[in-house]
2 protein chains.
Amino acid sequence: MSQIEIRHLRTLVALRETGSLVEASERVFLTQSALSHQIKELEGRLGCSLFLRKTRPVRFTSAGNRLLELADEVLPRLHNAELDLDRFAGGQSGRIIMAIECHSCFEWLLPAIDAYRNEWSDVELDISSGFHFAPFPALARGDLDLVITADPLDEPGITYFPIFSYEAQLAVAKKHPLVDKPWVEPKDLADEVVITYPVDRERLDLFSGFLEPAGVEPARVRHAELTTMIVQLVASGRGVTCLPNWALHEYLQNDYVVVRSLGEEGIWPTLYAAVRKDQADAPFMNAFIEVAKQVCFANLRGIVTAELG
Amino acid sequence: MSQIEIRHLRTLVALRETGSLVEASERVFLTQSALSHQIKELEGRLGCSLFLRKTRPVRFTSAGNRLLELADEVLPRLHNAELDLDRFAGGQSGRIIMAIECHSCFEWLLPAIDAYRNEWSDVELDISSGFHFAPFPALARGDLDLVITADPLDEPGITYFPIFSYEAQLAVAKKHPLVDKPWVEPKDLADEVVITYPVDRERLDLFSGFLEPAGVEPARVRHAELTTMIVQLVASGRGVTCLPNWALHEYLQNDYVVVRSLGEEGIWPTLYAAVRKDQADAPFMNAFIEVAKQVCFANLRGIVTAELG
DNA sequence: TTGCGACATGAATAAAATTCAAAACTTACT
DNA sequence: AGTAAGTTTTGAATTTTATTCATGTCGCAA
C-alpha cells in the first residue's frame, strides 16, 4: 500500500544536499549501507530508479526529482506540525471550549476572552451554548474544556479554580415596602413576583441558596432574557429580582432600584472555573484563568477575592 | 527523531472517518490492537494525547486536529506523487535531454520537440549544448538521454534507432568547374577551400566519409556558423561545402548553387537516435522517436527511410 | 447484574530496518 | 596497466519495530 515513507523523503533530500550516499548517511544518522538498502527497496517498490550513482554528485532521474518535489512540499509542513505539537505537549497551546452556568457571566467572560486572545492567539477559544443542561459530563468527556459554575461538585477528574465572590442581592423598586428592612428574609418573598432569567431554578442563587432551603415559594415567577429588561420591570414595581451585585452596580448608580442583602449575612456565591484534571496544570489554561480574574477585578465593582471552598 | 509517519496520518484520517478504532482498523487493514498500540506509541512520543476514546465518535484533541490538518495537507500530495511515479515506472513519462552531433539537425529537431510536447506534455525536454565533445559517456552516465548521431558505435548499454538517411552533397557555385563533372572525387577537392560548421572533422561527413579515407586534404578549411552564411560564401565562389541534401533543398530551388554527389554512389549517412538501453523500451521515448521521424518525413525533402545499420 | 461492544495490554510473532563485513566498481594517479 | 582511495552493492546477522493473538478492562444499556 503505502510505498513512500517520510524516511525516504529525508534520505533523498540529504542525498540532494550532499551528493553522495556516504555523506547523506551521516546526515540522517544511518550507515551508508542502510541507505543503499533503503533506496534500493524503494526503487523496487516504485518500479523505477531514482538517481544515477555513478556520478558525483549523484544525478536524480525524473522520478527522483518528482520525489524531491514531494519532499519539499511535505517536510516543511511536517516540521511545522511538529513544532505546533510540541507546544500542545508543553501546554503552550490548546483548546478552551467553555460553558457558563451563571447567566450574567457573559458580561465579563467576553472581555476576558478578548484579553486572553491577545496573548495566546493560537489557543482555540469558543463558548458553547449547547451544554447548558449537563455541562459536567460534557466537560468530563471532552466536549467542553472549562465550565464557569458556582457549585463545585466533588467530581473526580475535575479541578475547580475560584475566580471571584460576589453578593447575590435582591433588587426592589424604590418605593417597595422591603426598602424599609435592613435585609430580606425568605418569607418576605412569599407574596412577591420574582423575575428571573429563563433558566432552571438550581442555577439561580435566590432559589438554590435562599428560598428553597427555607421552603418558601414566591407568589409568581416571571422570566426575562436581558438584565436591563429585568431591572426595568423591577424598577416599575412589577416584581423583585436577585442579581449579582456587580451586575446591579450601574442601575444602583443611576438610582433605578434599591438593593438589599438576602439574610443578615447576605448570600456570597463564588464563581469557579471547572477544568479537567489533565488540563489543570497546562500553562495555556492557567493563563486563561488568571486573565479572567484580572479582567473581572478591573471591571466589576463589588466583587471580592475567593478562596477555594 | 522522526516522530510522525505517514502511517499515523492514515490511521488518524481513518479514525476521523469511522469514529472508532475498530472500524478504522478495518479501513487500514490492521487489527484494532495494532491501531491501539500504534497510536499509544505516537502519543507517547509526542507527549500529548490525540483523541478521547470514551465517546462515539471519538473526539480529537487540539493536537489530534492539528495532525489531521497535516494529514489533509500531506496525503493528497503524496497520492499525486505516487500517481506521477506510476507513470514514470510505466514509461508514460520521463526526461529527454538531448544532444546532437549533426549540426544542421536543429532545423528538424526543434519542430519535432514542439510536436512531441503537445502529446507528452509532462515529459521533461531539453537540448543540452554542454556535451558536444563527449556525448556518449554523458549519455551512458545519464547526463543525457538521447543523442542524435550518424555514427552508431557499438557501445554496450546504448541502443540506436534510425531516424532517416540523407545524401551528404557537395554544393558549389554555379560557375564552378566541378559543375561539369557528374560526381565528385576526393582529389577534386585538393585545391579547394572547404567551408564547414566550426566543429570537429569527425563530425563532418565530408571529412570522415570522403576526404580522410582517401587521404586528401583541401587547400583550406574555413568556418561559418550559419547554414545560410555558408551557402552564401559558396554561391559567391569563395569555396565549396558539404551539407545534407535536405538542408540544401531550398537553395537549390532558388538556383543559388549547384550540388554534386560525393563519389558515384554518393554518401548516404543515416541519423540515429542513441538511447540508453534502460530507456529504449519506454513508451515516452519510443513516442519521441516516432514523432521525430514523422516530422522529418513531413518537412524535409530528399530524405529516405533508413534501416538499422 | 449481566452482557455487549469498544478499547487496552502484554507476550509472542512476524516483519522491517539497520548494521557488519566483504566485495565490486570508479576514479585518479603513478 | 596497476594500485590505492573512495563509493556503492550485497548477503547474512542482528536489532528494532510493527503487528497479532489472546486476554483484560471499562463503560453502558438491558
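Predicted, not measured: the structure shown is a model, and the values here were computed from it. Per chain, numbering begins at 1; letters A, B, ... match sequence-line order.
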Testing the 3.5 Å rule here: is there a donor-acceptor pair between the side chains of A:T149 and A:E101?
yes

Among D:dT8, C:dT9, D:dT19, which nucleotide sits nearest the side chain of A:V58?
D:dT8

Ring-face cation of A:R53 near A:F51 (centre distance under 6.0 Å, axis angle within 45°):
yes

May I have the distance from A:L52 (atom CG) to C:dC25 (atom P), rounded to whole angstrom?
18 Å

Between D:dA18 (C1') and B:I39 (CD1): distance, integer Å
14 Å

Between C:dA15 atom C1' and A:R45 atom CZ, what is the distance in whole Å?
12 Å

Could you check whether any side-chain N or O of B:D126 sits under 3.5 Å from a backbone N or O of B:I97, counting only pairs where one atom can act as donor and the other as acceptor?
no

Classify the nucleic acid contact of A:Q32 as base, sugar-phosphate or nothing, counting any heavy atom under 4.0 Å across all strands shown.
base

Side chain of B:L30 only, heavy atoms from C-beta on: which candidate in D:dT8, D:dT19, D:dA18 is closest?
D:dT19

Measure the distance from CG on B:L35 to C1' on C:dA8 and round it to the nearest whole Å.
13 Å

Can you check whether any acceptor in the base of C:dT19 is under 3.5 Å from a donor in the side chain of A:H37, or vice versa?
yes

Does a side-chain N or O from B:R53 land closer than 4.0 Å to OP1 or OP2 of C:dA6, or not?
no

Using whole Å, what does the distance between atom P of nucleotide C:dT18 and atom CZ of A:R10 come to?
12 Å

Just how far is it from atom CZ of B:R7 to atom CG of B:L35, taken to the nearest 0.5 Å?
10.0 Å

Whole-Å distance between D:dT9 P and A:L50 CG?
12 Å

Reference residue B:V147; test side chain to side chain contact (heavy atoms under 4.5 Å, CB included); the match among B:L139, B:I100, B:I158, B:V275:
B:L139

Of the nucleotides D:dT20, C:dA17, D:dT10, which has the atom closest to the A:K40 side chain?
D:dT10

Proximal nucleotide (of D:dT8, C:dA6, C:dT19) relative to the A:S20 side chain
D:dT8

If you check every side-chain atom of A:T31, which of D:dT9, C:dA8, C:dC20 has the closest atom?
C:dC20

Regarding D:dC21, can its base be found pairing with the side chain of B:S33 as donor and acceptor, where the two atoms are less than 3.5 Å apart?
yes

Whole-Å gap separating P (C:dT19) and CZ (A:F29):
12 Å

Minimum-distance nucleotide to B:Q38 side chain [options: D:dT19, D:dT8, C:dT19]
D:dT19

Output the rounded distance in Å from CD (A:E41) to P (D:dT8).
19 Å

Counting heavy atoms from C-beta on, name the nucleotide in C:dA8, D:dT7, D:dT20 closest to the side chain of B:A34.
D:dT20

